Amino acid sequence: MKRIAVFVSGNGSNFENITRFLHGNDNAQVTLLVSNRPDAYALQRASRLGVESVVWTKTDFADEQRTIQMLTDHNIHFIVLAGFLLMVPTYLIRHFPNCIINIHPSLLPKYGGKGMYGNHVHEAVKENGEKETGITIHYVSEVCDGGETILQVSTPLSPLDSVDDIAEKVHQLEKEYFPKTVLEILTPKK
Ligand code: GAR
């Protein structure tokens, strides 16, 4: 059974959806929430769901040995970034080769890179009058938003869609596709 740590910085709706989806699964389970912010709402979700959580700040991440030790102590095999706004340290990417994935709320490479997260992405999509947007699930590499794509799904936009409407469409795609993609990656192929 693969033990997953989900890394977040805020709300944690994807964390909750993945945790619920995998509940009782023999191949993969979310067993740890890591938040870099002590005030993240995701921490409340974790306690409601009975998932262990740790607050691990940027300063904590700067300590390579302690960070690896913390994840080893929790027996973590796989890391899912779900609204995690810090850069993942290179040592972690090397320690978990092909075992860290991220979700980005746009059709990368469009609207990716530094500063492009959450509503900033949807605002830029609206401003440019895009006819579609979507989600990208990808492996995490040393280039910000640059790792190999696992799945992209798009959704049409109307000129009448507000930024909130765009965000809602993207959240629906995340809810539908992220949990099952995580499971698919972690299910042994016959
Ligand atoms: C999600 O829409 C995710 O795609 C986005 O943050 C949101 C987190 O929502 N991630 C990024 O923008 C990463 N660059 P959640 O905390 O409710 O899961």
Side-chain angles (χ1 to χ4, degrees), residues 4-23 30 32-49 51 53-58 61 78-89 92-93 100-128 130 132-155 157 161-183 185:
I4 304 169
V6 179
F7 286 18
V8 302
S9 298
N11 180 29
S13 66
N14 282 286
F15 155 71
E16 177 156 357
N17 292 337
I18 297 167
T19 302
R20 288 186 185 280
F21 185 79
L22 295 179
H23 184 75
V30 175
L32 183 67
L33 173 79
V34 176
S35 171
N36 68 303
R37 298 187 52 129
D39 58 349
Y41 181 64
L43 291 162
Q44 292 180 43
R45 295 184 192 262
S47 79
R48 273 206 305 273
L49 292 162
V51 174
S53 61
V54 289
V55 173
W56 206 256
T57 64
K58 198 172 177 180
F61 275 107
F78 196 81
I79 295 171
V80 173
L81 311 182
F84 182 66
L85 302 183
L86 293 182
M87 280 294 286
V88 178
L92 215 52
I93 298 170
I100 309 181
I101 66 169
N102 179 44
I103 190 157
H104 188 81
S106 76
L107 298 169
L108 289 175
K110 280 187 156 182
Y111 307 105
K114 217 170 177 313
M116 274 297 169
Y117 60 88
N119 261 9
H120 297 294
V121 173
H122 310 312
E123 279 157 13
V125 164
K126 169 80 186 160
E127 198 156 301
N128 289 337
E130 294 284 355
E132 60 170 12
T133 189
I135 57 169
T136 305
I137 299 170
H138 65 92
Y139 286 103
V140 172
S141 75
E142 291 171 36
V143 179
C144 180
D145 293 332
E148 187 199 333
T149 297
I150 300 162
L151 179 75
Q152 261 190 339
V153 190
S154 64
T155 182
L157 295 177
D161 282 333
S162 66
V163 171
D164 284 350
D165 295 331
I166 298 173
E168 181 51 32
K169 285 184 173 180
V170 168
H171 281 139
Q172 283 309 319
L173 291 182
E174 294 185 332
K175 190 168 182 189
E176 186 177 350
Y177 289 97
F178 202 17
K180 64 184 183 196
T181 301
V182 172
L183 181 59
I185 295 169

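In this text the structure is predicted, and so the values were computed from the model without any measurement. Scope of the values below: all heavy atoms of this structure, side chains included, with no hydrogens, waters or symmetry mates. Counting starts at 1 for both ligands and their atoms, following the listed order.
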Tell me which one of Val80, Ile101, Ile93, Leu92 satisfies side chain to side chain contact (heavy atoms under 4.5 Å, CB included) with Val140.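 That would be Ile93.
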
Any Ile100 side-chain heavy atom under 4.5 Å of Phe7 side chain: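 SC-SC contact between Ile100 and Phe7 ruled out.
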
Are there more than 12 heavy atoms of other residues, nucleotides or ligands under 6.0 Å from atom CZ of Phe61?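 Enclosed.
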
Is the NZ atom of Lys180 crowded by more than 12 outside heavy atoms at less than 6.0 Å?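 Enclosed.
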
Atoms of ligand 1, numbered as shown, that sit under 4.0 Å from any heavy atom of [X]:
X      : answer
Glu174 : 1 (C), 2 (O), 3 (C), 4 (O)
His104 : 14 (N)
Asn11  : 16 (O), 17 (O)

Looking only at non-hydrogen atoms, which of Gly83, Pro105, Gly12 approaches atom 16 (O) of ligand 1 most closely?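 Result: the heavy atom closest to atom 16 (O) of ligand 1 is in Gly12.
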
Could you name the option among Ala167, Ser9, Ser13 that has the heavy atom nearest to atom 17 (O) of ligand 1?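 It is Ser13 that holds the nearest heavy atom.
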
Strictly under 4.0 Å, does any heavy atom of [X] approach an atom of ligand 1?
X      : result
His120 : no
His171 : yes
Val8   : no

What I want to check is whether the side chains of Gln172 and Glu176 have a donor and an acceptor closer together than 3.5 Å.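 Judged by distance alone, the side chains do not pair up.
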
Closest heavy-atom contact between Arg37 and Ser9?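 Answer, listing the atom of Arg37 first, then Ser9: CD-O, 3.2 Å.
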
Closest approach of Tyr111 to Met116 (non-hydrogen atoms, all atoms of both residues):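 Result for this residue pair: O-CB, 3.5 Å.
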
Taking heavy atoms and a distance under 4.0 Å, where does Met116 meet ligand 1: side chain, backbone, both or neither?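 It is the backbone that gets close, since no side chain atom is under 4.0 Å.
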
Decide whether an N or O pair under 3.5 Å exists between Gly118 and ligand 1.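 Between Gly118 and ligand 1 (N or O atoms, distance only) the closest approach is under 3.5 Å.
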
Does any N or O atom in Tyr117 lie less than 3.5 angstrom from one in ligand 1, N or O only?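 No, no N or O pair falls under 3.5 Å.
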
Ignoring hydrogens and angles, tell me if any N or O in the side chain of Lys126 forms a donor-acceptor pair with the backbone of Ser162 under 3.5 Å.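 Checking the backbone N and O of Ser162 against the side chain of Lys126, no donor-acceptor pair under 3.5 Å is found.
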
